[in-house]
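Residue indices begin at 1 and follow the sequence shown. Note that this is a predicted model, so its numbers are computed, not measured.
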Amino acid sequence: MYNDTVIGLGVILLFLIGAGLLNFYEARKRRKLFLERMIASWGKIPQREYSYEELDHISQFFRQREKEGFYIDDITWNDLDMDRIYALINQSVSPAGDECLYELLRKPVFREEELKERQRLLEFFAGKKEERHRIQALLAGIRKPGNVSVYEAVSVTKEVEIQGKGLQIAMCAAFFLSLLFFAVMPSPGIFCFLGVCILNIITYFMQKQDIDLYLNSFRCVIQLLEAQKELEKLKIPELDPYREEGKKYRESLRTFQKGSFLVLEQSSTGGGLEGLVMDYIRMLTHIDLIKFSAMMKAMQKYQGEIVGLIKIFGYLDAMISIASFRESLPYYSLPELEKGERAYLRVKDLYHPLLSQPVANSIEAGTGILVTGSNASGKSTFLKNIAVNSILAQTVYTVTASSYHAPYFKVMTSMALRDDLESGESYFIVEIRSLKRILDEAEKKGCLLCIIDEVLRGTNTIERIGASSQILADLKRDQVLPFAATHDIELSYILEDLYENYHFEEEVKEHEVVFNYLLKKGRVTTRNAIRLLEMTGYKEGLVKEAKKSVEAFEETGIWKKLRES
């Protein structure tokens, strides 16, 4: 009998040791795979794709919080395809990193100290691979809470009406008192005990759904607190400010985390004997409902601290993404920014980061710039390139150029507009509203970089030229640097005392039009619209008559009437 017992205990012990070794092996294997993935992705262009819904959730960390100072508005963000720029940069391993990088790109910095701190972290993460991998490992423990963002998950608790826990405490006390009554007087006590148990179980399931709604919210906070614990254990001197700040937040939330397993470890559907016993204890004592009430109060009381933890880990994750983005570029430089009241821009070898085979251009602009050129020659891409890099300079402290000198800019654009079907506003109304917001911002302090593509394209030629020339003239101020593209060559003459003229041109060959996408000084002297009609197979007679109409207008200044043939 004794030998059988020893053998049985030995088998159980061997089973436990084997299970422990297997868990250790699996954990080590997961860490190895994670490290290999991090090494392989470093300095590479991310392949992740985002749905509209996913980006909308990611953006809520930026949208739902109070904003101070200047930020990139929706029109500018959409004009510049900044969602694609975000996707190009983002290598975050945590949802907090996704959300903080998005916010970072929408909020340009106007203080040198903050940009220098970003540069310090970028250099640290680029040069210290082992420390970077350790930070990424702890960041990976912050997981996405279902279909919403981390910020949405934790902020949803702000407006929850918390019921007092007095009733739950009373029911818990009733259970233990009935148990004591049963122990002292078994015959009558059994009925009291069973009655209390049945009542507690029924009311438990009536209220348990309140817990289930917010489990993801609580888990997000616990994951943030566990990440903070790991950060404190790493003791990386370069991250001391973030470790100490996070430590204060963690200490404030100490009571939230203590005993949280009572609420979070709901295991009745497969947690083994121990889990089953704990579930019955919960049902009979309501101990998890009592703890739930305390946790919810802590969530509401310490929202600032929770958001602070999101910002710390999201910020570190974002810095790693930016450091990796730099490694993926053919070349980049650090912007040289200065405070001042006069707008200017000096940039060399500037290229667009979204293009696989970009053509670099350089420009020195101390006054307004008017860009002319034929269709598809590169005007819009160049203007977007200027604006995108001005944003990158003051957010990720990186420009895709060999050099960049400018003051701290507010950046606004009016480019890729369309009819607003929901409000019933025409393209022209949308356009003039878009331009008005730029004119309003020009009245404020601080240097403004504004990019306008085809001013007032939504109206007739005569009024377009008359009104657009006055709008562009009004933007010509010391603290404003306007860049505008146009097909209206007349503007290049009307504004030649206020704006410098630049252009893009093409080489027309026998069966094709070749663009070199190089910026040149002066106004454009070539046109290609009718030539493109000819090359794409339009009727020979139609093309020939179109050419004649243009030639006649250039000679007389009058358009010839067309009659039925």
Side-chain angles (χ1 to χ4, degrees), residues 67-73 75-77 79-80 82 85 104-120 122 322 332-353 360-371 382-415 435 437-453 471-485 495 498-500 502 519:
K67 303 174 186 64
E68 294 182 2
F70 180 84
Y71 58 89
I72 305 302
D73 65 16
I75 293 176
T76 301
W77 183 267
D79 281 349
L80 301 178
M82 288 299 294
I85 298 292
L104 182 147
L105 287 170
R106 295 204 68 157
K107 296 176 72 174
V109 172
F110 294 86
R111 293 192 309 111
E112 181 182 13
E113 296 80 6
E114 191 169 346
L115 290 174
K116 294 299 182 184
E117 171 60 12
R118 291 182 186 181
Q119 175 60 15
R120 184 185 73 83
L122 292 172
I322 297 165
Y332 72 91
S333 65
L334 305 184
E336 295 191 31
L337 301 165
E338 65 177 21
K339 292 183 178 179
E341 294 299 322
R342 188 170 185 84
Y344 71 92
L345 177 67
R346 296 195 303 273
V347 61
K348 291 183 180 179
D349 305 318
L350 184 76
Y351 66 95
H352 200 298
N361 279 292
S362 304
I363 191 170
E364 291 190 13
T367 186
I369 301 295
L370 192 65
V371 183
F382 172 71
L383 295 186
K384 288 181 179 181
N385 195 7
I386 293 289
V388 165
N389 271 278
S390 295
I391 293 172
L392 294 181
Q394 291 172 227
T395 54
V396 303
Y397 201 51
T398 305
V399 288
T400 53
S402 60
S403 69
Y404 175 100
H405 298 76
Y408 289 92
F409 272 130
K410 297 177 288 183
V411 180
M412 299 184 77
T413 66
S414 181
M415 302 182 75
L435 291 169
R437 84 192 206 289
I438 294 177
L439 291 168
D440 290 343
E441 191 66 40
E443 300 286 344
K444 301 176 184 178
K445 289 184 178 181
C447 291
L448 172 66
L449 173 68
C450 56
I451 308 293
I452 305 172
D453 193 10
I471 290 172
L472 292 176
D474 190 57
L475 285 171
K476 180 62 183 69
R477 311 179 188 201
D478 287 346
Q479 79 277 17
V480 180
L481 184 61
F483 279 72
L495 297 168
L498 301 176
Y499 281 69
E500 285 190 53
Y502 283 82
L519 183 69

- Item | Distance-only polar pair, side chains of Arg118 and Thr398, donor-acceptor under 3.5 Å |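 Per modelled atom types, Arg118 and Thr398 side chains form no pair under 3.5 Å.
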Item to check | Polar side chain donor-acceptor pair, Thr76 to Asp73, under 3.5 angstrom | outcome: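 Their side chains do contain a donor-acceptor pair, which is all the 3.5 Å distance test asks for.
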Determine whether more than 12 heavy atoms belonging to other residues, nucleotides or ligands lie under 6.0 Å from atom [atom1] of [X].
| X | atom1 | value |
| --- | --- | --- |
| Lys476 | NZ | yes |
| Glu364 | CD | no |
| Glu68 | CD | no |

Would you check, one step at a time, whether the test side-chain contact (heavy atoms from CB on, under 4.5 Å) holds for Trp77 with Leu105? CA-CA 10 Å; Trp77 183 267; Leu105 287 170; 3.9 Å; yes
Leu435 and its side-chain contact (heavy atoms from CB on, under 4.5 Å) partner, picked from Leu472, Ile471, Leu475
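So the option named by the test is Ile471.
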Taking atom [atom1] of [X] and atom [atom2] of [Y], what is their separation to the nearest 0.5 Å?
| X | Y | atom1 | atom2 | value |
| --- | --- | --- | --- | --- |
| Cys450 | Lys410 | SG | NZ | 11.0 Å |
| Arg346 | Ser403 | CZ | OG | 8.5 Å |
| Glu341 | Asp478 | CD | CG | 9.5 Å |
| Ile438 | Ile452 | CD1 | CD1 | 4.5 Å |
| Leu383 | Thr413 | CG | OG1 | 10.0 Å |

Using the side-chain contact (heavy atoms from CB on, under 4.5 Å) rule, take Ile85 and Leu80 through it: C-alpha gap first, then chi angles, then the decisive distance, then the call. CA-CA 9 Å; Ile85 298 292; Leu80 301 178; over 6 Å; no
Residues forming a salt bridge (charged side-chain N to carboxylate O under 4.0 Å, His left out) with Glu443, sequence neighbours excluded
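Here the qualifying residues are Arg477.
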Verify side-chain contact (heavy atoms from CB on, under 4.5 Å) between Asn389 and His352, making sure each step is shown before the conclusion. CA-CA 8 Å; Asn389 271 278; His352 200 298; over 6 Å; no
Check: Do the non-hydrogen side-chain atoms of Leu337 and Phe409 ever get within less than 4.5 Å of each other?
Finding: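 Answer no - side chains too far apart.
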Could you tell me if the side chain of Pro108 sits less than 4.5 Å from the side chain of Tyr408, heavy atoms only?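 Not touching, per the 4.5 Å side-chain cut-off.
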Original post:
Is a side-chain N or O of Gln479 found less than 3.5 angstrom from the main chain of Leu448, in a donor-acceptor match?
Top reply: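 Between the backbone of Leu448 and the side chain of Gln479 there is no qualifying donor-acceptor contact (under 3.5 Å).
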Query raised in the report: Using the ring of each side chain (for Trp, its six-membered ring), is Phe110 parallel, tilted or perpendicular to Phe70, with breaks at 30° and 60°?
Result: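 Taking Phe70 first and then Phe110, their aromatic rings stand perpendicular (interplane angle over 60°).
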